[in-house]
A.B. asks: 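Have a look at this one.
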Amino acid sequence: MLDRRTMLLATLGAAFAPHPVSARQQRIVCAGGAMTECVFALGAGDQIVAVDTTSLYPRAALSLPKIGYLRQLAVEGVLSLSPDIVLADRDAGPPNVLSQLQATGSLLHQFQGPLSAAAVPDKVRFVGQLLDREKRAEEVAAAINTDLATLAQAVARVAARPRVLFILGTVKGRMAGRGTIADLVINLAGGLNVAGDFDSYRAVSAEGIIGPQPDFVVTMFQGDQAPLAGEDPVEKATKELGLDILPEDQRPQIVPVDGAYLLALGPRSAHACHDLAAKLHPTLDWPSLPARSWVG
């Protein structure tokens, strides 16, 4: 016998099941900043009816209704928006919510590509196929491939990769290990992740940052931790990470970054990694990347 929750979901699924519409009339819900960026890059941003809280670009996404955090979605909240399609990135969850959305019909489409540079143009193609915008998607994907190739050629000239740590958050931050987007972007930018001896993220102290002797600490401010107007982000991060205990000449160089820009693994990733590479290798002459309409 079906329990009350299953019956409710079945009812909601029937009420909000996808119906035949043209590509330009679809109601799109995006779970993942990269999904949102892909839809806008393909010229379909006006069809998005809601996004998750990691969707911070472009600016138009900020005013859209929110479905919660990427990894903590709620099925009733998503279905209440009457979507025709739900685009989810590889890290969306929790799994039981994704299973429930899949059970309602053909609403959910989750990108399952590997954690690699190739996933970026593939993600654009994935969205383009679902939105019947394959031609535009191939144009965007080809441009991203060109930019990634330019970056890879520049990184190939690096004689010695600097030692890098990525800390997610300056207050009670977590250090990025293997199998993370942070690990991938460090590599793409010509750095060596010195926290590559463990998987995922791990809590870290000031001593844990100092121990691996990084040349650079790449970090991001979270939520209301962002620097106030006139506040030096490097000084703020240095203090909050506890690195002010070291003499200035012994401190790793702090590189504050925009997490949504660097970690989305979406259409802006080639430019984001290029910007990081220029900071990790300030003495090298980095080739500039072309301006792209999907990169602000």
A.B. asks: Could you grab the distance from atom CD of Gln72 to atom OG1 of Thr53, nearest 0.5 Å is fine?
C.D. replies: 8.5 Å
A.B. asks: Treating Ile, Leu, Val, Met, Phe, Trp and Tyr as nodes and any side-chain heavy-atom pair under 4.5 angstrom as an edge, say whether Leu81 and Leu73 lie in one connected cluster.
C.D. replies: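 Per the 4.5 Å side-chain linkage, Leu81 and Leu73 are co-clustered.
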A.B. asks: Under 3.5 Å, which donor-acceptor pairs link side chains of residues 171-179 to any protein atom two or more places apart or in another chain?
C.D. replies:
unit_1, atom_1, unit_2, atom_2, d
Arg178, NE, Asp199, OD1, 2.9
Arg178, NH1, Gly196, O, 3.1
Arg178, NH2, Asp199, OD1, 3.3

A.B. asks: Which atom pair, heavy atoms only, marks the closest approach of Ile254 to Ala237?
C.D. replies: CG2-CB, 3.8 Å
A.B. asks: Quick check for you: to the nearest 0.5 Å, what is the distance between Leu107 atom CG and Gln102 atom CD?
C.D. replies: 10.5 Å
A.B. asks: Only pairs at least two apart or in different chains count here, so list each side-chain hydrogen bond (donor to acceptor under 3.5 Å, both in side chains) that has a residue in residues 146-171.
C.D. replies: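 side-chain hydrogen bond (donor to acceptor under 3.5 Å, both in side chains) check on residues 146-171 returns Asp147-Arg292, Arg161-Asn187, Thr170-Glu240.
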A.B. asks: Distance alone, cut at 3.5 Å: any donor-acceptor contact between the side chains of Gln110 and Gln112?
C.D. replies: yes
A.B. asks: Counting C-beta onward and ignoring hydrogens, is there a side-chain heavy-atom pair between Lys236 and Asp232 closer than 4.5 Å?
C.D. replies: no
A.B. asks: Can you check whether Arg133's main-chain N or O pairs, donor with acceptor, with Lys135's side chain at less than 3.5 Å?
C.D. replies: no
A.B. asks: Are Leu98 and Val86 in one and the same hydrophobic cluster, where Ile, Leu, Val, Met, Phe, Trp and Tyr link if side-chain heavy atoms are under 4.5 Å apart?
C.D. replies: yes
A.B. asks: List the residues meeting salt bridge (Lys or Arg N to Asp or Glu O under 4.0 Å) with Glu235, not counting sequence neighbours, and say none if there are none.
C.D. replies: none
A.B. asks: If I take atom CG from residue Leu262 and atom OG from residue Ser269, how far apart are they, to the nearest 0.5 angstrom?
C.D. replies: 7.5 Å
A.B. asks: Kindly write out the residues that satisfy salt bridge (Lys or Arg N to Asp or Glu O under 4.0 Å) with Arg251, not counting sequence neighbours, or none if the list is empty.
C.D. replies: none
A.B. asks: If the condition is side chain to side chain donor-acceptor pair (under 3.5 Å), which residues does Tyr201 pass it with, not counting sequence neighbours?
C.D. replies: none
A.B. asks: Are the side chains of Val164 and Pro214 in contact, using a 4.5 Å heavy-atom criterion?
C.D. replies: no
A.B. asks: Which pairs, with at least one residue in residues 113-131 and sequence neighbours excluded, count as a side-chain hydrogen bond (donor to acceptor under 3.5 Å, both in side chains)?
C.D. replies: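 Pairs touching residues 113-131 that pass the test: Asp89-Lys123, Asp122-Arg125, Arg125-Glu138.
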A.B. asks: Walk me through it: do Leu62 and Val51 pass the test side chain to side chain contact (heavy atoms under 4.5 Å, CB included)?
C.D. replies: CA-CA 9 Å; Leu62 299 177; Val51 297; over 6 Å; no
A.B. asks: Show me the pairs that pass ring pair (Phe, Tyr, Trp, His ring centres under 6.0 Å) and involve residues 158-188, at least two apart or across chains.
C.D. replies: none
A.B. asks: Taking the side chain as every heavy atom from C-beta outward, state whether Pro252 and Leu165 have any pair of such atoms under 4.5 Å apart.
C.D. replies: no
A.B. asks: Pairs in or reaching into residues 39-67: which pass ring pair (Phe, Tyr, Trp, His ring centres under 6.0 Å), with residues at least two apart or in two chains?
C.D. replies: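 Listed once each, the pairs would be none.
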A.B. asks: Using 0.5 Å steps for rounding, measure from the CG atom of Asp183 to the CG atom of Asn193.
C.D. replies: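 Asp183 CG to Asn193 CG: 4.5 Å, rounded to 0.5 Å.
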A.B. asks: Do side-chain atoms of Arg90 reach the backbone of Gly113 as a donor and acceptor pair under 3.5 angstrom?
C.D. replies: yes
A.B. asks: By salt bridge (Lys or Arg N to Asp or Glu O under 4.0 Å), which residues pair with Arg71, not counting sequence neighbours?
C.D. replies: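 Counting only residues at least two positions away or on another chain, Arg71 forms a salt bridge (Lys or Arg N to Asp or Glu O under 4.0 Å) with Asp91.
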A.B. asks: Considering all heavy atoms of both residues, which atom of Val39 and which atom of Leu87 are nearest to each other, and what is their separation?
C.D. replies: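 Looking at all heavy atoms of both residues, the shortest contact is CG2-CD1, 3.5 Å.
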A.B. asks: Mind checking whether Leu115 and Leu265 have side chains closer than 4.5 Å, heavy atoms only?
C.D. replies: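 Leu115 vs Leu265: side chains touch.
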A.B. asks: Flag yes if more than 12 heavy atoms outside Glu248 fall under 6.0 Å of its CD atom; otherwise flag no.
C.D. replies: no
A.B. asks: Which is it for Leu64 and Ile48 under the side chain to side chain contact (heavy atoms under 4.5 Å, CB included) test, yes or no, and what are the steps along the way?
C.D. replies: CA-CA 8 Å; Leu64 289 168; Ile48 300 178; 3.6 Å; yes
A.B. asks: Around atom CG of Asp285, are there more than 12 heavy atoms from other residues, nucleotides or ligands closer than 6.0 Å?
C.D. replies: no
A.B. asks: According to salt bridge (Lys or Arg N to Asp or Glu O under 4.0 Å), who are the partners of Asp215, at least two apart in sequence or on a separate chain?
C.D. replies: none
A.B. asks: Compare every heavy atom of Pro267 with every heavy atom of Val124, then report the nearest pair and how far apart it is.
C.D. replies: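 Minimum heavy-atom separation between Val124 and Pro267: CG2-CG, 4.3 Å.
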A.B. asks: Do any N or O atoms from the side chain of His274 and from the backbone of Pro287 form a donor-acceptor pair under 3.5 angstrom?
C.D. replies: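 Present.
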A.B. asks: Can you find a side-chain donor-acceptor pair between Ser55 and Asp52 that sits under 3.5 Å?
C.D. replies: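 Yes.
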A.B. asks: In sequence, state the C-alpha distance, the side-chain angles, and the governing distance for Val155 and Leu188, and then conclude on side chain to side chain contact (heavy atoms under 4.5 Å, CB included).
C.D. replies: CA-CA 8 Å; Val155 167; Leu188 292 176; over 6 Å; no
A.B. asks: Among the clusters formed by ILVMFWY side chains lying less than 4.5 Å apart, do Leu241 and Val194 turn up in the same one?
C.D. replies: yes
A.B. asks: Sort and list the pairs that fulfil ring pair (Phe, Tyr, Trp, His ring centres under 6.0 Å) and have at least one residue in residues 78-134, not counting sequence neighbours.
C.D. replies: Phe111-Phe126
A.B. asks: Could you state whether Leu184 and Val257 fall into the same hydrophobic cluster, counting links through intermediate Ile, Leu, Val, Met, Phe, Trp or Tyr residues with side-chain heavy atoms under 4.5 angstrom apart?
C.D. replies: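 Yes, Leu184 and Val257 fall within the same hydrophobic cluster.
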A.B. asks: Set out, in order, the CA-CA distance, both residues' side-chain angles and the distance that settles side chain to side chain contact (heavy atoms under 4.5 Å, CB included) for Val49 and Ile28, then state yes or no.
C.D. replies: CA-CA 6 Å; Val49 296; Ile28 303 169; 6.0 Å; no
A.B. asks: Supply the atom-to-atom distance Gln47 CD to Gln26 CD, rounded to the nearest 0.5 angstrom.
C.D. replies: 6.0 Å
A.B. asks: Does the side chain of Val218 reach to within under 4.5 Å of the side chain of Ile186, using non-hydrogen atoms?
C.D. replies: no
A.B. asks: Quick check: closest heavy atoms across Cys30 and Ile67, and the distance to 0.1 Å?
C.D. replies: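 For Cys30 versus Ile67, the nearest heavy atoms are O-CD1, 3.8 Å.
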A.B. asks: Using 0.5 Å steps for rounding, measure from the CG atom of Asp275 to the NZ atom of Lys279.
C.D. replies: 6.5 Å
A.B. asks: Out of curiosity, does Val120 fall in the hydrophobic cluster containing Met35 (side-chain heavy atoms, cut-off under 4.5 Å, transitive links)?
C.D. replies: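 As far as the 4.5 Å side-chain criterion goes, Val120 and Met35 are connected within one cluster.
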A.B. asks: Minimum heavy-atom separation for Val78 to Val29, with atom names?
C.D. replies: CG1-CG1, 4.5 Å
A.B. asks: What are the two closest heavy atoms between Leu276 and Val255, and how far apart are they?
C.D. replies: CD1-CG1, 4.3 Å
A.B. asks: Would you call the rings of His281 and Trp286 parallel, tilted or perpendicular if under 30° counts as parallel and over 60° as perpendicular?
C.D. replies: tilted
A.B. asks: Counting only heavy atoms not in Glu134, do more than 12 fall under 6.0 Å of its CD?
C.D. replies: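 Atom CD in Glu134 is crowded, with more than 12 foreign heavy atoms closer than 6.0 Å.
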A.B. asks: Which pairs pass salt bridge (Lys or Arg N to Asp or Glu O under 4.0 Å) with one or both residues in residues 258-271, sequence neighbours excluded?
C.D. replies: Glu37-Arg268
